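Dropping the structure in here first, questions after.
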Amino acid sequence: MTESTRVALVTGASRGLGLVIARTLAERGYSLVIGGRDRDALAAAAAELLGAAAAVRPVVGDITDGAVRAAMIDAARQLGGLDVLVNNASELGGVGPLLRYDVPRFSRLFPVNVGAPLVLMQLAMPLLTARRGLIVNITSDAATAAYPGWGPYGATKAALELLTRTLAAELRDEGVSAVLVDPGDMRTRMHQDAFPGEDISDRPLPDVTAPFWRWLFDQNPEAISGQRFAAQREGARWLQLA
Ligand SMILES: NC(=O)c1ccc[n+]([C@@H]2O[C@H](COP(=O)([O-])OP(=O)(O)OC[C@H]3O[C@@H](n4cnc5c(N)ncnc54)[C@H](OP(=O)(O)O)[C@@H]3O)[C@@H](O)[C@H]2O)c1
């Protein structure tokens with residue numbers, strides 16, 4: 001198979017980190033399925049990516065919507081299959097002390113940050129198996145550190161991390177690989193939402209992770225499955241041991 005026939009699905013690719021990942025894949029000639037809720041923003045991203053990608057199929061909608069997830073998988077199938085699934089779309093769900101957390105908000109946060117990625121992995125598995133594909137799940141240092149105020153979001157990312165490691169172990173003999181990537185702090189809308197009214201201009205733009213993505217997509221997926229990477233820690237060849 002030539003690289004130009006490869007297909008990747010990136011959720012939350014209308015801006016921020018997801019758009020940087022989609023750009024990296026486009027530069028490598030992948031065909032892309034991209035997702036996001038804002039129709040205009042997604043169309044603008046698709047128009048930009050089309051300059052490099054072999055083909056781009058934008059799928060508008062919330063990743064908690066089963067019809068949206070099915071449309072993403074259908075779009076990949078129509079493009080010929082799926083080599084890379086990137087579960088990037090995520091929500092912060094508010095930052096604040098646990099003792100004042102409105103626990104019913106979990107009923108939104110876990111479906112977005114954990115449930116939807118898991119269902120997408122389930123739906124994508126036949127296509128990924130056919131191409132010995134790679135799943136990339138975007139996590140956060142909030143999954144492993146006890147940052148005051150970040151508990152609910154961090155709990156969803158911790159859950160995603162355990163599911164990813166478990167899936168990688170379950171798939172060891174199936175030829176499908178799964179990795180975790182902590183992108184590090186980046187100047188994006190989500191990060192600004194976490195620090196409302198604060199100057200976050202000292203954080204790098206998500207483009208800072210581009211060298212990592214170029215490296216990752218050069219790796220043999222089966223040699224890195226189950227690993228967790230920190231995209232801004234090049235000194236350690238990006239590998240962050242568990
Ligand atoms: N920024 C950081 O410092 C940082 C640090 C660690 C980890 N991360 C992780 O990096 C990933 C990307 O974050 P980011 O900072 O790039 O955020 P962002 O700029 O807010 O972008 C989020 C993307 O996801 C989409 N999205 C959000 N909720 C969605 C939903 N329910 N359904 C469909 N699409 C949805 C957004 O588009 P719409 O709003 O139009 O749907 C957008 O394209 C996330 O997994 C985040 O947890 C970020």
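Since the model is a prediction, treat every value here as computed from it, not as a measurement. Just follow the structure's listing: the first ligand is 1, and inside any ligand the first atom is 1.
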What protein heavy atom sits nearest atom 35 (C) of ligand 1, and how far away is it?
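Closest protein heavy atom to atom 35 (C) of ligand 1: A89 CB, 3.7 Å.
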
Donor-acceptor pair, Q192 side chain versus R187 backbone, under 3.5 Å?
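Between the backbone of R187 and the side chain of Q192 there is no qualifying donor-acceptor contact (under 3.5 Å).
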
Just need the protein heavy atom nearest to atom 37 (O) of ligand 1, so name the residue and atom and give the distance.
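For this ligand atom, the closest protein heavy atom is S14 OG, 3.3 Å.
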
Does ligand 1 have any atom that is closer than 4.0 Å to a heavy atom of R108?
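Yes, R108 has a heavy atom closer than 4.0 Å to ligand 1.
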
Just to check, does T139 reach to within less than 4.0 Å of ligand 1 when the distance is taken from its heavy atoms?
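Contact present.
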
Ligand 1 and N88, any nitrogen or oxygen pair closer than 3.5 angstrom?
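The answer is yes, given that N88 and ligand 1 share an N or O pair closer than 3.5 Å.
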
Return yes when D62 approaches ligand 1 closer than 4.0 angstrom through a heavy atom, no otherwise.
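In this structure, D62 qualifies as a contact of ligand 1 - some heavy atom is under 4.0 Å.
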
Show the atoms of ligand 1 that are less than 4.0 angstrom away from any heavy atom in G36.
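The list of qualifying atoms is 34 (N), 41 (O).
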
Kindly give the heavy-atom pair with the smallest separation between T5 and D83, and that separation in Å.
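Closest pair (atom of T5, atom of D83, distance): O-OD2, 4.4 Å.
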
Judged on heavy-atom distance to atom 23 (C) of ligand 1, which of A116, G12, G184, G61 sits nearest?
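Looking at heavy atoms only, the winner is G12.
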
Do we see a donor-acceptor contact under 3.5 Å between the side chains of S140 and D182?
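No - no donor-acceptor pair under 3.5 Å links their side chains.
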
Write out the residue and atom name of the closest protein heavy atom to atom 4 (C) of ligand 1, then the distance separating them to 0.1 Å.
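Going atom by atom, the protein heavy atom closest to atom 4 (C) of ligand 1 ends up being M186 CE, 3.7 Å.
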
Give the residue, atom name and distance (to 0.1 Å) of the protein heavy atom nearest atom 1 (N) of ligand 1.
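Going by distance alone, atom 1 (N) of ligand 1 is nearest to T188 OG1, 2.9 Å.
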
Under-4.0 Å heavy-atom contact with ligand 1, by part of P183 that carries it:
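Side chain only; the backbone of P183 stays clear of ligand 1.
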
D38 and S14: side-chain donor and acceptor closer than 3.5 Å?
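Their side chains do not contain a donor-acceptor pair, so the 3.5 Å distance test is not met.
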
What protein heavy atom sits nearest atom 19 (O) of ligand 1, and how far off is it?
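Among all protein heavy atoms, the one nearest atom 19 (O) of ligand 1 is R15 NE, 3.3 Å.
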
Would D185 count as a contact of ligand 1 if the rule is a heavy atom under 4.0 Å away?
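Distance cut 4.0 Å: D185 passes for ligand 1.
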
Test side chain to side chain contact (heavy atoms under 4.5 Å, CB included) on V59 and I34 and set out the steps.
CA-CA 6 Å; V59 178; I34 59 172; over 6 Å; no

Counting the benzene-type ring for Trp, do W213 and F229 have ring centres under 6.0 Å apart?
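Aromatic pair excluded; centres sit 6.0 Å or further apart.
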
Looking at side-chain heavy atoms only, is the closest gap between R228 and E161 below 4.5 Å?
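R228 vs E161: side chains touch.
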
Can you sort out which atoms of ligand 1 are near G16, meaning under 4.0 Å from one of its heavy atoms?
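This gives 16 (O), 19 (O) as the contact atoms.
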
Got a second to check how far I73's CD1 is from L82's CG, nearest 0.5 Å?
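Answer rounded to 0.5 Å: 6.0 Å.
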
Taking the side chain as C-beta and beyond, is there a heavy-atom pair between I138 and P183 under 4.5 Å?
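Touching, per the 4.5 Å side-chain cut-off.
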
Would one find an N or O of G18, backbone or side chain, under 3.5 Å from an N or O of ligand 1?
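No; every N/O pair is 3.5 Å or more apart.
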
Among all protein heavy atoms, pick out the one at the shortest distance from atom 40 (O) of ligand 1; state its residue, atom name and that distance to 0.1 Å.
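Checked against all protein heavy atoms, atom 40 (O) of ligand 1 sits closest to D38 N, 2.9 Å.
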
How far apart are the closest heavy atoms of G16 and T188, and which atoms are they?
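Heavy-atom minimum between the residues: CA-CG2, 4.2 Å.
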
As an exercise, identify every atom of ligand 1 less than 4.0 angstrom from a heavy atom of S90.
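It comes down to these atoms of ligand 1: 27 (C), 28 (N), 44 (C), 45 (O), 47 (O).
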
Think R203 forms a cation-pi with F195, using NZ or CZ under 6.0 Å from the six-ring centre and within 45 degrees of its axis?
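Judged by the rule, R203 and F195 form a cation-pi pair.
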
For atom 47 (O) of ligand 1, which protein heavy atom lies nearest, and how many Å away is it?
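Looking only at protein heavy atoms, the one closest to atom 47 (O) of ligand 1 is Y153 OH, 2.5 Å.
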
Any side-chain heavy atom of L17 sitting closer than 4.5 Å to one from M190?
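When only atoms from C-beta onward are counted, M190 and L17 do not touch, as no gap falls below 4.5 Å.
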
Would D141 and Y147 count as having a side-chain donor-acceptor pair, cut-off 3.5 Å?
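Yes - a donor-acceptor pair under 3.5 Å links their side chains.
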
Identity and separation of the nearest protein heavy atom to atom 16 (O) of ligand 1
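Among all protein heavy atoms, the one nearest atom 16 (O) of ligand 1 is L17 N, 2.9 Å.
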
To the nearest 0.5 Å, tell me how far R172 CZ sits from S225 OG.
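Between atom CZ of R172 and atom OG of S225 there are 7.0 Å.
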
Please confirm whether G35 comes under 4.0 Å of ligand 1, counting heavy atoms of the residue only.
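Per 4.0 Å heavy-atom rule, G35 does not contact ligand 1.
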
I138 heavy atoms, cut-off 4.0 Å: which ligand 1 atoms fall inside?
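So the atoms of ligand 1 that pass are 9 (C), 10 (O), 11 (C), 45 (O).
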
Work out whether the distance between some heavy atom of K157 and some atom of ligand 1 is less than 4.0 Å.
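Distance cut 4.0 Å: K157 passes for ligand 1.
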
If you measure from each non-hydrogen atom of R37 to ligand 1, which part falls under 4.0 Å: side chain, backbone, both or neither?
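Within the 4.0 Å criterion, R37 contacts ligand 1 through backbone and side-chain atoms alike.
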
Please state which option from Q232, H191, M190 has its nearest heavy atom closest to atom 13 (O) of ligand 1.
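Among Q232, H191, M190, the closest heavy atom to atom 13 (O) of ligand 1 comes from M190.
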
